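Report on one structure; see the data block that follows.
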Amino acid sequence: MAKYPFSEIEPKWQAYWEKEKTFKAVEDPSFPPDKRRYVLDMFPYPSGAGLHVGHPEGYTATDIYCRYLRANGYNVLHPMGFDAFGLPAENYAIQTGTHPKITTDANIARFREQIKSLGFSIDWDREVATCDADYYKWTQWIFVQLFKKGLAYESDAPINWCPSCKTGLANEEVKDGECDRCGTKVTRKRIRQWILKITAYADRLLADLDGIQWPEDVGIMQRNWIGRSEGASVRFALDGRPETVEVYTTRPDTLFGATYMVLAPEHPLVAAITTQDRKAEVDAYVEAAAAKSDLERTELSKDKTGVWTGVLAINPVNGRKIPVWISDYVLASYGTGAIMAVPAHDERDWEFAVKFRLPIIQVVAEEGSPAARVGTCGDPEACFSGEGVAVNSGEFNGLSTADFKKAITAWLEKQGIGKAAVNYKLRDWLFSRQRYWGEPIPVVHCSKCGAVPVDEKDLPVRLPEVTSYAPTGTGESPLANIPEWVNTACPKCGGPAKRETNTMPQWAGSCWYYLRYLDPKNPDAFAARDKIDYWMPVNLYVGGKEHAVLHLLYARFWHKVLFDLGFVNTKEPFQRLVNQGMILGEDNQKMSKSRGNVVNPDDIVREFGADAMRVYEMFMGPLVVAKPWATAGLVGASRFLERLWAVSEKPLADAKPDAELERLLHKTIRKVSEDTESLAFNTAISAMMVLSNEVAKLDSVPRGLWRDFVTLVAPYAPHLAEELWQRMGGKGSVSKQAWPSYDPALCVDAEIEVPVSVNGKLRDKLVVAPGTAEKELETLALASPKIAEWTAGKQVAKVIVVKDRMVNIVVK
RNA sequence: GCCGAAGUGGCGGAAUGGCAGACGCGGCGGACUCAAAAUCCGCUGUCCUUACGGGCGUGAGGGUUCAAGUCCCUCCUUCGGCACCA
């Protein structure tokens, strides 16, 4: 038997598809809107290492789905491109002097070739790369829209700084106090930054999660990241001073238990209110706190520190004078940067109060406890942060936590010293990078007009050539060293002005690339509105979970801004999201160069073929779960394809398949249809393997059955299917064939086995026609001699019959 | 600490509350071959039994049910995310 010649077949059909533009997507109005699908992969960053076996996992899944949709009469948009700005190319440039553009282009060429070698049905005419000036012109244009809408502003507040990458980082890019990219401990630095006001969209980013079909955990991660909480803001008067301190609390019901206050060391009031005698100590503390990284302030030192400012505040509910402290356990960037401390009911305050011997007053008692009944109690022995019943709270005693919150908020409002308030953990997006290889931020600084956006007609602001790519570390990018580029005229007044030298983060380009695919060559708009209306939103978006709160949050934000400006037709960009599970190394560990467990897809394609690689990756297990690679297991997929090839060498018969085989065919069509639809590719492949094992036993193959089978296989192993299609005399491309249909009546077996159990234990099986009446099943079961053995001498208490499924006899 | 996901043969995994282990890998036995590779056929959870057959089995322990891998409670382990957010 001839070995299946994948190394000839695969390039042959790839060339055919390319030449025939088989997968070109056209905005054909004859497809009604519900017959259009936009299926998108997260585009790759073209690293120097080339494609990884993890990349083709998602790409294969979307490709199978797209091919399935086309066969079912859908017009499908399935593009690919490259996220091409970013640090690796720049760092390589710093080491070698090679321009990042050169490295990036070479890597893109390699990636494109590797992706093409897997036979995906991509419309390559729509390819984009975020580093192309024609592309980033529109990234800059969107930034200008953000600026004009007041959503981009400059700030010199302290930021996360990676000393190794020598650039500022967004909150989302810091993981466990380390730079997400390089693992270096993040420090704090005060430099001028561009910030995007993503917090202005916090409520909508939260609310609109309800309308999209995303994995539950990604939704939860975004919800947690946005971190909405409801509570109250309360203004505290200071004893003998005109200033007031406003705090935010989610537990206004514990106000009677506030025994001290804490300001963040950076709080603007600290310097003003600190008394003369406390000044030296307070200054020293503020200075020490400023020197600490966020990590040192949080993770490394859970041990509370702090100093008293010398000032007392007045608790508005009881007039008690309480000390105002400063401590770095209060974050300047959340709420008002100040808290009322209720040590009896907050773990952190408890710890602080114990350490500094501050009073602790219990004001919440557990439901049903003696204290809850009496309304008062002595000093608590432990912190209780749950909900309960108010005690030691004057007229409010006896109220439940929820009722008390409402009552006290109303009271505060009436007194004019507080109101209901909502807070978010989400911070604004630090958007400037002090690096070279990114989109220049299209702003000009004029001494007269301030920060002025570049005129839209003057976009793009091209990334200039530099002699040194190395980041300066001073808060300026390498662009600052090119006076002829930096010095320009103010777009507003024409006077001398300087260009912004910071660049955008890598996330900028990926915030809207799915829109550029719709109209990639358009010189007049990021995409024509009719094309947006034709395809958007993205119906299925497949990619890794690592972007749960980075790219996916940022892109949603930009999309909403574009929606508000009337440029796009949907509130959300990605209707349905699926995260493919990671492919681990053979050792069950994350694949990495340092572990030496990386599998190169090129090797697999060379040795087993692209179709085998595709089928194996989909057969390994459910798309969404992590699973270890096993090259040994790959041969199973390979043998399946070999078997199909072997079948194609048998003669075709015009006779119909026998009844048994015909039923199997129809059941297989049903199973593969349902499973492909629901992205359960592993079980679809399993079903096709079962059919192939049966067909392989035949001496000649019924033509109709074979035609259907080849069409079923086509989304999974497209090269082989094209070849099989051609060998059986099919015209054109098998990918233009309609998906086979099945007859539900033929999906039912002529005879089925119905298990019979006694007291839940399987004891016999009945062979009956499907649909046999329950009464008859019961009679047959009770008549069985095997069953009689188990019921002998016992009393039949009950017989449960589920038609076509089982019979259970309960005996005593 | 909090939130989320997952624990099933030697391995990857399958199973609308209804025959646990489909399909594949590996292993064992056989056919073909001078021989090997490839291919094909059979067996392959575990324990007891020569066999027929039976007991036990889905991380641990409880519970609901005629019936639980699947539902509920407690716990353990692994992975992912968050982590002084008041």
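These figures come from a predicted structure and were not determined experimentally. In what follows, chains carry the letters A, B, and so on, assigned in the order in which the sequence lines appear, proteins first and then strands, with residues in each chain numbered from 1.
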Is there a donor and acceptor pair closer than 3.5 Å between the side chain of A:K304 and the base of B:C84?
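Such a pair is found, so the answer is yes.
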Pair of N/O donor and acceptor under 3.5 Å linking B:C19 base with A:K765 side chain
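It does, because a donor-acceptor pair links the side chain of A:K765 to the base of B:C19 below 3.5 Å.
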Pairing nucleotide - [N], Watson-Crick or G-U, each distance under 3.5 Å:
N	result
B:G29	B:C41
B:A5	B:U78
B:U46	B:G55
B:G18	B:C66

Please confirm whether the shortest side-chain N or O distance from A:N759 to OP1 or OP2 of B:A67 is below 4.0 Å.
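No, because none of the side-chain N or O atoms of A:N759 sits under 4.0 Å from OP1 or OP2 of B:A67.
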With respect to the phosphate group of B:C56, does any side-chain polar atom (N or O) of A:K761 fall under 4.0 Å of OP1 or OP2?
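Indeed, a polar side-chain atom of A:K761 lies that close.
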Look only at the side chain of A:K627 and the backbone of A:P622, and say whether a donor-acceptor pair between them is shorter than 3.5 Å.
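Confirmed, A:K627 side chain pairs with A:P622 backbone.
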Given 3.5 Å as the limit, does a donor-acceptor pair link the side chain of A:T791 with the main chain of A:K794, or not?
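Flag not set: sc A:T791 to bb A:K794 has no pair under 3.5 Å.
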NA contact type, [X], heavy-atom cut-off 4.0 Å: base, sugar-phosphate, or nothing?
X	result
A:R643	sugar-phosphate
A:K627	sugar-phosphate
A:N693	sugar-phosphate
A:I339	base

Strictly under 6.0 Å, is that where the ring centroids of A:Y616 and A:W629 end up?
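Ring centroids of A:Y616 and A:W629 are less than 6.0 Å from each other.
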Residue closer to the 5' end of RNA chain B, A:T683 versus A:A332 (nearest nucleotide)
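Final value for this comparison: A:T683.
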On RNA chain B, check which nucleotide each of A:A637 and A:N682 is closest to and give me the residue with the more 5' one.
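By nearest-heavy-atom nucleotide position, the 5'-most residue is A:N682.
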Run the numbers on A:F608 and A:F6 for ring pair (Phe, Tyr, Trp, His ring centres under 6.0 Å), then give the verdict.
CA-CA 8 Å; A:F608 299 93; A:F6 57 81; 7.9 Å; no
Nearest whole angstrom, please: distance from the P of B:G81 to the CG of A:D176.
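After rounding, the reported distance stands at 8 Å.
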What is the ring orientation for A:W645 with A:Y4, classed by angle as parallel under 30°, tilted 30 to 60°, or perpendicular over 60°?
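The arrangement is tilted - the two ring planes meet at 30° to 60°.
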